[in-house]
Amino acid sequence: MSSAAARPRVRAEIDEAHKWDLSDIYPDWSSWDGSRKELEALIGEYAALKGTLASGANRLLMAFRLNDQLGQLAYKVYFFPSLKYDEDQRDNDVNARKQQVQALMARWQEATSWFSPELLAIPIETVRGWMSATAELAVYRFAIEEVYRQQEHVLDEAGERLMSLSSRLSGSPSEAYLALSTADAKFPEVTLSTGETVTMSYGQYRAVLATNRHQADRRASFLAHYGTYDKSLNTYATLYHAICQRDWFHARARGYKTTLDAALHGNAIPRSVVDNLIAATRAGVAPLQRYHRLRRKALKLDRYCPYDFSIPIVEWDRRYNYPEVLESIVTAVAPLGPDYQARMWRGFRERWIDVYENDGKRSGAYSAPVYGVHPYMLMNWADTLDDVFTLAHEMGHSMHTMLSHERQPFVYSDYTIFVAEVPSTLSEALLLEHLLQHVTDREERIVLLQHAIDNITSTFYTQVLFADFELAAHTRVESDEPITADVLNALYKERFDAYYGDAVDLEPLTPITWARIPHFYNTPYYVYQYATCFASAAKIAGEIMDGAETARAAARDRYLELLAAGGNDHPMTLLKNAGVDLSQPETVQAVVDQLEGLVGRLEELI
């Protein structure tokens with residue numbers, strides 16, 4: 001097995017086969033700069049179309065086609081420096097180029113602010129007549145109908161410009177949170193039972209929780225890390241209050257009744273989806289609590305707290321060599337067909353993936369959808385089981401991108417987050433079942449089951465709890481009720497108790513842990529979509545893997561059509577075509593049932 005510690009950390013010393021090849025986008029910076037200048041010129045051309053849409057179908061078609069041209073070029077111009085920068089974020093020259101593009105993107109947004117108000121000034125029946133008479137324009141029917149669907153929430157040109165100018169101000173609470181929680185955060189040191197002294201930053205804190213088998217060390221790390229947030233808790237509460245007020249301002253400015261309505265309207269998601277998700281999850285917490293009672297017993301703990309959630313039930317030190325796991329990941333998706341597997345092999349073999357960590361490289365993992373080229377995936381492979389599932393996860397995103405880009409015109413090639421996590425989650429589910437079918441070691445089977453269960457608890461139950469909390473906080477602001485640190489603590493504790501019951505013990509600092517969650521400050525009303533995607537994937541996975549061959553084949557075809565559809569319809573419609581109705585409790589129940597089954601299998605082993 002390879003050793004992560006023995007690998008070179010200098011990027012130039014890493015095997016080229018394990019680094020992505022960005023020359024597929026541009027061969028050099030000179031070519032990139034030529035495209036950047038072309039993009040700048042096209043933005044000017046688009047701005048010159050202002051005032052011409054009412055002239056007829058040809059002018060409207062010209063605007064759409066030019067916007068497509070801008071978008072396709074922007075993907076490459078943006079991602080080339082962005083991906084290059086992520087190779088080594090100490091490179092200021094590349095960062096400067098990335099900032100050039102970001103400024104250009106802002107100019108593009110400003111140059112297009114006139115389009116929707118001007119289109120809406122034309123009667124919809126007139127535009128429908130143009131589409132009926134002009135086949136090329138009819139391609140954009142869904143995009144055009146969407147502008148009119150949202151008409152009541154689109155302001156006039158002056159209003160839209162004012163909203164665009166307010167965007168930087170609107171980001172101030174998020175930027176302040178980032179500065180407070182990172183640049184200005186002073187995390188204390190903790191001396192562990194080994195004698196080692198560790199500064200309890202988030203990364204170090206998570207490492208202790210996942211690897212240190214002494215509960216006293218985990219508790220000391222928890223108190224030190226969250227004690228930092230506790231010292232500034234009133235400031236965090238003030239910033240979150242500002243986030244809620246900002247969202248309420250945007251909702252009212254555009255004529256929405258609530259902030260949730262504003263967040264859901266863009267993708268035509270009915271409020272019943274969120275209400276059903278929260279209600280059905282609250283009703284399905286029994287297997288979650290059963291799992292944590294099992295962990296308490298297996299770990300032999302009198303008190304069992306959230307800082308005990310991450311420690312493995314059994315000690316496990318196997319290392320997973322990157323080249324050796326690829327076959328398993330591809331074999332696992334056999335239920336999706338040989339064409340799907342062939343696409344995955346392309347990604348592995350044609351240098352789409354930046355595999356190993358190096359000094360200065362961005363942390364984490366992602367799949368970047370570079371239109372007109374192919375997806376690129378960033379990894380920081382350290383030979384862990386988490387890395388294996390993360391690779392399957394990101395490859396699921398990449399397959400979604402490939403199928404969508406192959407089948408859809410550019411205008412519909414992108415897909416919403418409401419659908420995006422379905423293929424990534426499904427890829428992990430298929431990999432888990434494949435590994436469980438072939439593993440013979442009892443301890444490895446326990447590790448695999450715990451990994452799958454923890455994925456459900458963190459990606460589904462935790463995200464629903466977060467969404468439950470967000471909705472409660474925003475609802476208070478909409479009712480002119482106060483949002484203070486004490487109020488937010490109480491809201492969070494109420495929900496923690498509802499989900500975990502007496503299966504988990506609380507520390508005095510547990511109710512303040514809301515203060516650290518970045519999504520609350522950066523992307524409100526976002527996290528519920530992780531849970532809906534997880535529920536959708538659970539429903540689809542069950543249909544693809546269980547039952548008669550004809551039923552499985554039909555479910556597979558519906559699923560592949562979902563991926564190939566991109567964004568050519570509302571996500572609820574696309575999911576219904578794939579056999580998923582998120583407004584119904586049985587879809588959420590599929591996750592509850594899945595967790596129930598996994599916990600039962602783990603209980604038998606333990």
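What you see is a predicted model, and the numbers here were worked out from it, not measured in a lab. Residue numbers count from 1 along this sequence.
Side chains of Y528 and L264 form a contact here, defined as non-hydrogen atoms less than 4.5 Å apart. Side-chain contact check for V419 versus C533: every heavy-atom pair is 4.5 Å or farther apart. Between V592 and P287 the shortest side-chain heavy-atom distance falls below 4.5 Å. Using a 4.5 Å heavy-atom threshold, the side chains of C305 and T510 count as separate. In this structure, the side chains of L277 and T281 come closer than 4.5 Å at one or more pairs of heavy atoms. In this structure, the side chains of W514 and L233 come closer than 4.5 Å at one or more pairs of heavy atoms. Residues F115 and F64 meet the side-chain proximity criterion, which asks for heavy atoms closer than 4.5 Å. A heavy-atom distance below 4.5 Å is not found between the side chains of F79 and D86.
The heavy-atom pair separating G284 from Y461 by the smallest distance is O-OH, 2.6 Å. When every heavy atom of I243 is checked against every heavy atom of S174, the shortest pair comes out as CD1-OG, 3.7 Å. Of all heavy-atom pairs between N267 and H570, the closest is O-CB, 4.0 Å. Residues Y240 and A473 approach most closely at CE2-CB, 3.7 Å, considering heavy atoms. Shortest non-hydrogen contact noted between Y78 and K98 is OH-CE, 4.5 Å. Across all their heavy atoms, A176 and L239 have their closest contact at CB-CD2, 3.6 Å.
For R128, the CZ atom is densely surrounded, since the number of other residues' heavy atoms within 6.0 Å is greater than 12. Other residues, nucleotides and ligands contribute at most 12 non-hydrogen atoms within 6.0 Å of the CZ atom of R161. Taking a 6.0 Å sphere around CD of E145, one finds it holds more than 12 heavy atoms contributed by other residues, nucleotides or ligands. Heavy atoms of other residues, nucleotides or ligands lying less than 6.0 angstrom from CZ of R59 number 12 at most.
Here the side chain of R218 pairs no donor or acceptor atom with the backbone of V208 at under 3.5 angstrom. Remark: side-chain polar atoms of H397 are paired, donor with acceptor, to backbone N or O of A420 under 3.5 angstrom. The backbone N or O of W248 sits nowhere less than 3.5 Å from a side-chain atom of T259 that would complete a donor-acceptor pair. At distances below 3.5 Å, at least one donor-acceptor pair connects side-chain atoms of H474 with backbone N or O atoms of E470. Checking side-chain atoms of N95 against main-chain N and O of Q89 turns up no donor-acceptor pair under 3.5 Å. Judged purely by atom type and a 3.5 angstrom limit, T587 has no side-chain atom pairing as donor or acceptor with the backbone of S583. Put simply, the side chain of Y412 gets close to the backbone of A143: a donor and an acceptor are under 3.5 Å apart. Here the side chain of S427 pairs no donor or acceptor atom with the backbone of H393 at under 3.5 angstrom. Looking at T462, its side chain never comes within 3.5 Å of a backbone N or O of T459 through a donor-acceptor pair. Formation of a donor-acceptor pair under 3.5 Å by the T425 side chain with backbone atoms of V422 is not found in this model.
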After noting the C-alpha distance and the side-chain angles of D454 and Y291, does the key distance pass the side-chain hydrogen bond (donor to acceptor under 3.5 Å, both in side chains) rule?
CA-CA 10 Å; D454 289 345; Y291 172 58; 2.7 Å; yes

Under the side-chain hydrogen bond (donor to acceptor under 3.5 Å, both in side chains) rule, what do Y415 and T401 come out as? Steps first, then yes or no, please.
CA-CA 8 Å; Y415 43 82; T401 295; 2.7 Å; yes

Check the pair F520 / F469 against ring pair (Phe, Tyr, Trp, His ring centres under 6.0 Å), numbers first and verdict last.
CA-CA 10 Å; F520 292 164; F469 170 80; 5.2 Å; yes

Apply side chain to side chain contact (heavy atoms under 4.5 Å, CB included) to residues M105 and V101 and explain how you reach the verdict.
CA-CA 6 Å; M105 296 298 107; V101 178; 3.9 Å; yes

Under the side chain to side chain contact (heavy atoms under 4.5 Å, CB included) rule, what do T199 and Q204 come out as? Steps first, then yes or no, please.
CA-CA 7 Å; T199 301; Q204 295 282 17; 5.6 Å; no

Do Y376 and S367 pass the side-chain hydrogen bond (donor to acceptor under 3.5 Å, both in side chains) test, and can you show the C-alpha distance, the side-chain angles, and the key distance before you say yes or no?
CA-CA 6 Å; Y376 282 90; S367 173; over 6 Å; no

Evaluate the criterion ring pair (Phe, Tyr, Trp, His ring centres under 6.0 Å) for residue pair Y46 and W114; output intermediate values, then yes/no.
CA-CA 10 Å; Y46 191 93; W114 59 270; 5.5 Å; yes

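Using cut-offs of 30° and 60° on the angle between ring planes, the pair F222 and Y205 is tilted. Below 30°, between 30° and 60°, or above 60°: for Y371 and Y75 the angle between ring planes is between 30° and 60°, a tilted geometry.
We find the NE2-CG distance between H405 and D414 to be 6.5 Å, quoted to the nearest 0.5 Å. Put simply, OG on S116 and CD on Q150 are 8.5 Å apart, with the number rounded to the nearest 0.5 Å. Within the model, atoms CD of E421 and OG1 of T416 stand 10.5 Å from one another, a figure rounded to the nearest 0.5 Å. Here the CD atom belonging to Q594 is positioned 9.0 Å from the CG atom belonging to N455, to the nearest 0.5 angstrom. Taking CG from D569 and CG from N577, the interatomic distance works out to 7.0 Å, rounded to the nearest 0.5 Å. Residue D156 holds its CG atom at 11.0 Å from CG of L120, rounded to the nearest 0.5 Å.
E40 meets the side-chain hydrogen bond (donor to acceptor under 3.5 Å, both in side chains) test with R107; sequence neighbours excluded. H292 meets the ring pair (Phe, Tyr, Trp, His ring centres under 6.0 Å) test with Y304, F309, Y500; sequence neighbours excluded. Taking R282 as the reference, I278, D468, R495, A498, Y499 meet the side chain to side chain contact (heavy atoms under 4.5 Å, CB included) condition, with sequence neighbours excluded. Scanning for salt bridge (charged side-chain N to carboxylate O under 4.0 Å, His left out) contacts around E118 gives an empty result, with sequence neighbours left out. Qualifying ring pair (Phe, Tyr, Trp, His ring centres under 6.0 Å) partners for Y366, counting only residues two or more places apart in sequence or in other chains: none. Evaluation of the side-chain hydrogen bond (donor to acceptor under 3.5 Å, both in side chains) rule for D593 yields Q589 as partners, not counting sequence neighbours.
For the side-chain hydrogen bond (donor to acceptor under 3.5 Å, both in side chains) with R516, the lone residue among Y229, Y226, Y521 that qualifies is Y226. Of the candidates E146, H153, Q151, E146 is the only one forming a side-chain hydrogen bond (donor to acceptor under 3.5 Å, both in side chains) with R149.
Aromatic ring centres of F187 and H225: separated by under 6.0 Å.
Using a cut-off of 4.0 Å between Lys/Arg side-chain N and Asp/Glu carboxylate O, R271 and D275 are scored as salt-bridged.
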